[in-house]
Amino acid sequence: MQQSLPENLTAPELDVLSPMLHRNGNIWTADFRGLILSTALQPIYSISHKRTVGYEALIRALDPDNANVLPIHLFEVPTSHAEALLLDRLCRYLHIQNYSAAEDQLNWLFLNVSPRVVTNGSQTDSFFGELLEKTRLPPHRIVIEIVEQPTDDAERLRETVAYYRQLGCLTAIDDFGAGHSNFERIWNLSPDIVKLDRKLLTRATEDHKARQILNGIVSLLHQSGCLVLLEGVETSDQAMIAIDAGVDFVQGFYFCRPSTDLTTLCNAPTDFDRLLREYKACHQITRDPTRQLVDFFQRDFHLATEQLQSGATMARACSTLLNHPTVSRCYLADDKGVQIEDTLISDTGTRSLDPRFKPLESTSKADWYRQQYLRQALAHPGNLHVTAPYLCVTGAYMCVTLSLCFTYGSELRVLCCDILANPPATSVNPD
């Protein structure tokens with residue numbers, strides 16, 4: 001249906017849009033340029049709650065021959081900004097009408113809003129407030145999704161997002177992690193929820209390092225005060241990756257496909273009990289393997305510190321430690337964290353040296369006070385401490401560090417020992 005549009009949509013927008021909607025029982029459809037628009041909803045699940053907590057509203061379109069029109073082609077139909085704005089608002093109007101009639105009166109409705117429409121439209125988008133008032137859908141049940149892409153007017157976008165928040169809606173950044181996305185928009189918009197792009201999950205499925213990066217991104221987003229949703233979950237392996245990454249919510253074909261049959265929304269369960277049982281079976285709580293290193297090296301460490309207290313050189317005192325095939329280096333620091341003498345590198349450590357990182361090798365008078373292992377040792381003299389695996393700055397390899405604070409005359413010293421997290425195949429790991 002061809003709709004006659006003003007150059008700029010102003011109130012009363014609902015009067016312009018209402019004739020384009022049609023009701024059949026509890027289901028609403030809309031006409032736009034001869035196309036029939038309908039709502040499809042896809043459930044969003046909380047892993048911890050093991051149930052649905054919301055639905056993303058997706059637009060579906062049929063042409064006069066009853067053939068599907070892809071959403072990407074639908075949004076290419078408008079020939080002006082005014083018509084693009086009308087289509088955006090028509091979709092939101094349609095979704096809210098349908099969701100208002102659904103049996104679910106608790107969970108969120110996720111609505112996509114184009115940044116182009118947001119930043120070029122009315123700053124306060126009074127249409128949306130009027131729409132919620134007309135449909136009686138509480139604003140706290142709406143999550144406004146802003147697609148993560150560049151915008152020419154970041155200030156207008158921030159003001160518009162602030163309006164939705166003042167209205168009582170939640171806000172979300174969509175497709176975070178795709179192409180141009182970065183944390184700058186997180187700082188600027190302070191969204192309630194961040195939806196991670198499915199490409200992050202695809203990479204994590206294929207590459208263990210990408211999986212670690214995914215886990216780190218989730219952790220950073222949580223520290224930024226955002227809940228995290230991972231979309232595009234299509235297999236049980238990807239569901240396990242999502243669970244292990246610590247995301248709050250999941251969405252994808254593995255759980256449930258989008259459906260235009262809105263009467264079955266409350267009848268699409270997912271067996272999270274089984275998923276979590278499988279996850280727990282693969283991640284049994286066992287003794288921290290790094291603590292085994294403490295037990296294994298305890299005696300050698302105390303012998304080394306006793307010899308240092310007796311005046312032995314570092315090379316002599318640490319000879320037993322350096323002869324172990326997993327040990328890469330030993331070094332000594334004072335109570336300020338400043339290294340005393342050069343680092344002693346074992347044969348294993350020498351074989352692991354990468355010439356590309358040669359500028360980082362010399363650590364004489366280096367200051368390690370910022371390192372947690374140094375401060376922990378100083379805080380608890382006599383106790384051997386161990387770190388989780390981390391990237392060593394002196395050689396850009398993964399290691400764990402053992403540290404022990406002891407008295408040297410009237411002063412404190414800290415003996416440190418780096419152990420390769422991925423030792424050579426010929427190494428004998430401590431049991």
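- When atom types are taken as modelled, the side chain of Asp335 and the backbone of Leu412 share no donor-acceptor pair closer than 3.5 angstrom.
- If you check the side chains of His302 and Glu306, you find no donor sitting under 3.5 Å from an acceptor.
- Among all heavy-atom pairs drawn from Leu262 and Ser259, the shortest one is CD2-O, 3.7 Å.
- The nearest pair of heavy atoms linking Ser364 to Asp342 is CB-OD1, 3.0 Å.
- Residues Gly54 and Phe110 approach most closely at CA-CE1, 4.4 Å, considering heavy atoms.
- Side-chain contact between Ser328 and Ile419 is absent, with no heavy atoms from C-beta onward closer than 4.5 Å.
- Under the 3.5 Å distance criterion, the side-chain polar atoms of Gln238 are matched with a main-chain donor or acceptor of Glu234.
- By the side-chain hydrogen bond (donor to acceptor under 3.5 Å, both in side chains) test, Arg60 is found to be paired with no residue, residues two or more places apart in sequence or in another chain being considered.
- Counting only residues at least two apart or in different chains, ring-ring contact (aromatic ring centres under 6.0 Å, His included) contacts with residues 195-218 are absent.
- Taking a cutoff of 4.0 Å between a charged side-chain nitrogen and a carboxylate oxygen, Asp88 and Arg92 qualify as a salt bridge.
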Q) Are Cys226 and His222 close enough, and set up right, to give a side chain to side chain contact (heavy atoms under 4.5 Å, CB included), and what steps lead you there? A) CA-CA 5 Å; Cys226 305; His222 281 156; over 6 Å; no
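- The backbone N or O of Gln42 lies less than 3.5 Å from no partner atom in the side chain of Gln251, so there is not a single donor-acceptor pair.
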(Q) Quick one, His95 with Ile59, criterion side chain to side chain contact (heavy atoms under 4.5 Å, CB included). Give me CA distance, side-chain angles, the key distance, then yes/no. (A) CA-CA 8 Å; His95 295 327; Ile59 198 68; 3.8 Å; yes
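- Atom CG of Leu70 has more than 12 heavy atoms from other residues, nucleotides or ligands within 6.0 Å.
- Ring geometry for Tyr45 against Phe255 counts as tilted: the plane angle lies between 30° and 60°, on a 0 to 90° scale.
- Not a single side-chain hydrogen bond (donor to acceptor under 3.5 Å, both in side chains) links Lys134 to another residue, sequence neighbours left out.
- The minimum heavy-atom distance linking Val233 with Ala239 is given by the pair CG1-N, 3.6 Å.
- The shortest non-hydrogen separation linking Ala57 to Leu111 is CB-CD2, 3.9 Å.
- Partners of Thr363 according to the side-chain hydrogen bond (donor to acceptor under 3.5 Å, both in side chains) rule, which considers only residues two or more places apart in sequence or in another chain, are Gln339, Thr343.
- Panel note: side chain Thr320, backbone Asp300; no donor-acceptor pair is recorded below 3.5 Å.
- Taking the six-membered ring wherever Trp is involved, the centroid distance between the rings of Phe128 and Tyr164 falls below 6.0 Å.
- Remark: side-chain polar atoms of Asn98 are paired, donor with acceptor, to backbone N or O of Leu94 under 3.5 angstrom.
- Between Asp174 and Glu231, the shortest heavy-atom contact is OD1-OE2, 3.3 Å.
- In summary, the side chains of Asp261 and Thr263 do present a donor paired with an acceptor at a separation below 3.5 Å, with no hydrogens or angles considered.
- Ring orientation note: the planes of Tyr331 and Tyr373 are nearly perpendicular, at an angle over 60° on the 30°/60° scale.
- Taking the side-chain contact (heavy atoms from CB on, under 4.5 Å) definition, one finds that Glu341 meets it with Met314, sequence neighbours left out.
- Within a 6.0 Å radius of CD in Gln298, other residues, nucleotides and ligands contribute more than 12 heavy atoms.
- The ring pair (Phe, Tyr, Trp, His ring centres under 6.0 Å) search around Tyr254 returns none, not counting sequence neighbours.
- Between Glu411 and Arg413 there is a salt bridge, with a side-chain nitrogen of the basic residue lying less than 4.0 Å from a carboxylate oxygen of the acidic one.
- The structure places CG of Asp334 at 5.0 Å from CD1 of Ile340, a figure rounded to the nearest 0.5 Å.
- How far CG of Leu170 is from CG of Leu109: 11.5 Å, rounded to the nearest 0.5 Å.
- Between the CG atom of Leu17 and the CG atom of Leu90 there is a distance of 5.5 Å, given to the nearest 0.5 Å.
- Legend: residues meeting salt bridge (charged side-chain N to carboxylate O under 4.0 Å, His left out) with Arg211, ordered by chain and number and at least two apart, are absent.
- Contacts of Arg136 classified as side-chain contact (heavy atoms from CB on, under 4.5 Å), with partners at least two apart in sequence or in another chain: none.
- Between the side chain of His49 and the backbone N or O of Arg51 there is no donor-acceptor pair closer than 3.5 Å.
- Considering only residues two or more places apart in sequence or on other chains, Ala245 meets the side-chain contact (heavy atoms from CB on, under 4.5 Å) condition with Leu214, Asn215, Val218, Val247.
- Distance alone, capped at 3.5 Å, is enough to place a donor-acceptor pair between the Asn323 side chain and the Ser319 backbone.
- Note that CG of Asn107 is 11.5 Å distant from CG of Leu41, once rounded to the nearest 0.5 Å.
- Other residues, nucleotides and ligands contribute only 12 or fewer heavy atoms inside 6.0 Å of the CZ atom of Arg370.
- When the shell of 6.0 Å around CD of Glu278 is examined, it contains more than 12 heavy atoms from other residues, nucleotides or ligands.
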Q: Might you work through the side chain to side chain contact (heavy atoms under 4.5 Å, CB included) test for Leu196 and Leu201, ending with a clear yes or no?
A: CA-CA 8 Å; Leu196 300 179; Leu201 178 57; over 6 Å; no
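- The residue from Thr326, Val327, Leu391, Asp418 that alone fulfils the side chain to side chain contact (heavy atoms under 4.5 Å, CB included) condition with Cys399 is Asp418.
- Counting only residues at least two apart or in different chains, side chain to side chain donor-acceptor pair (under 3.5 Å) contacts with residues 380-390 comprise Tyr390-Thr401.
- The distance from atom CG of Leu415 to atom CZ of Phe301, rounded to the nearest 0.5 Å, is 4.5 Å.
- The side-chain contact (heavy atoms from CB on, under 4.5 Å) test applied to Ser48 returns Ser46, not counting sequence neighbours.
- Considering CG of Leu14 and CZ of Phe127, their distance stands at 5.5 Å, rounded to 0.5 Å.
- Of the possible polar contacts, none joining the Arg316 side chain to the Ala304 backbone as a donor-acceptor pair under 3.5 Å is found.
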Q) Should Ile186 and Ser190 be marked as a side chain to side chain contact (heavy atoms under 4.5 Å, CB included) after you check the CA-CA gap, both sets of side-chain angles, and the distance that decides it? A) CA-CA 5 Å; Ile186 303 300; Ser190 299; over 6 Å; no
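- In this structure, Tyr408 places its OH atom where only 12 or fewer heavy-atom neighbours from other residues, nucleotides or ligands lie under 6.0 Å away.
- Arg329 places no side-chain N or O within donor-acceptor distance of the main-chain N or O of Leu344, the cut-off being under 3.5 Å.
- The ring pair (Phe, Tyr, Trp, His ring centres under 6.0 Å) check on Trp28 picks up nothing, with sequence neighbours excluded.
- Side-chain contact, Tyr279 with Asp244: a donor N or O sits under 3.5 Å from an acceptor N or O.
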